[in-house]
Amino acid sequence: MKISVIIPTLNAAEDLPECLLLVLSGAAGQLREVIVSDGGSVDDSAELAEKSGAQVVAGSPGRGGQLRRGAQAASGEWLLFLHADTHLPQSWGRVAADHMAHYGG
């Protein structure tokens, strides 16, 4: 389990559940953790993330700071940064495993 997926959010409750579902269902054993870095959402983004099993880190809004907080919380060997409206294909975990094997993962 090598990949930490980091998703910065700000009021992303509409898109986040599908993103998380696709990340989790296609992981193919490659997932170390999912971290949602929330920038002060006033919707259910953080609650939805927690219910899915994701770790939530929170702080002020701003993409750079949110990415940094997520990366600092990560323990995977590889980091995958996604927007909350990203729809990964079901094969993403196998593709990532091939990539990591080729590049020393």
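- Between the Q30 side chain and the I3 main chain, no donor and acceptor come within less than 3.5 Å of each other.
- Tracing side-chain contacts under 4.5 Å through hydrophobic residues (I, L, V, M, F, W, Y), one never reaches L67 starting from L82; they form parts of separate clusters.
- Between the side chains of H83 and R63, at least one donor N or O sits under 3.5 Å from an acceptor N or O.
- In this structure, S37 OG and R68 CZ are separated by 9.5 Å, a value rounded to the nearest 0.5 Å.
- At a threshold of 4.5 Å between non-hydrogen side-chain atoms, the residues W92 and V5 count as touching.
- Contact record, A12 with D43: N-OD2, 3.2 Å, taken as the closest heavy-atom pair.
- Between R32 and W78 the shortest side-chain heavy-atom distance does not fall below 4.5 Å.
- Using modelled atom types, one side-chain atom of Q90 and one backbone atom of S25 make a donor-acceptor pair closer than 3.5 Å.
- With 3.5 Å as the limit, one finds no donor-acceptor pair spanning the side chains of S45 and D38.
- What you find for L79 and A74 is that their closest heavy atoms are CD2-CB, 3.5 Å.
- Here E18 contributes atom CD and T86 contributes atom OG1; the two are 11.0 Å apart, rounded to the nearest 0.5 Å.
- Linking ILVMFWY residues whenever their side-chain heavy atoms come closer than 4.5 Å, directly or via other members, leaves L24 and I6 in distinct clusters.
- In the hydrophobic cluster analysis, where Ile, Leu, Val, Met, Phe, Trp and Tyr join through side-chain heavy atoms closer than 4.5 angstrom, L31 is grouped together with L88.
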Inset, instruction - Could you give me the CA-CA distance, side-chain angles and deciding distance for M100 and D98, then say whether side-chain contact (heavy atoms from CB on, under 4.5 Å) is met? - result: CA-CA 6 Å; M100 291 184 300; D98 291 345; over 6 Å; no
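- Linking ILVMFWY residues whenever their side-chain heavy atoms come closer than 4.5 Å, directly or via other members, places L80 and V23 in the same cluster.
- Scanning all heavy atoms of the two residues, the minimum distance from V36 to A54 falls at CG2-CB, 4.1 Å.
- Exactly one of I35, L16, D15 qualifies for a side-chain contact (heavy atoms from CB on, under 4.5 Å) with I7. That residue is L16.
- A pairwise comparison of heavy atoms in L20 and S52 identifies CD1-OG, 3.5 Å as the closest pair.
- When all heavy atoms of A49 and V56 are compared, the closest pair comes out as CB-CG2, 3.7 Å.
- Atom CD of E47 has more than 12 heavy atoms from other residues, nucleotides or ligands within 6.0 Å.
- Residues satisfying the side chain to side chain donor-acceptor pair (under 3.5 Å) criterion with E33, sequence neighbours excluded, are S4, S75.
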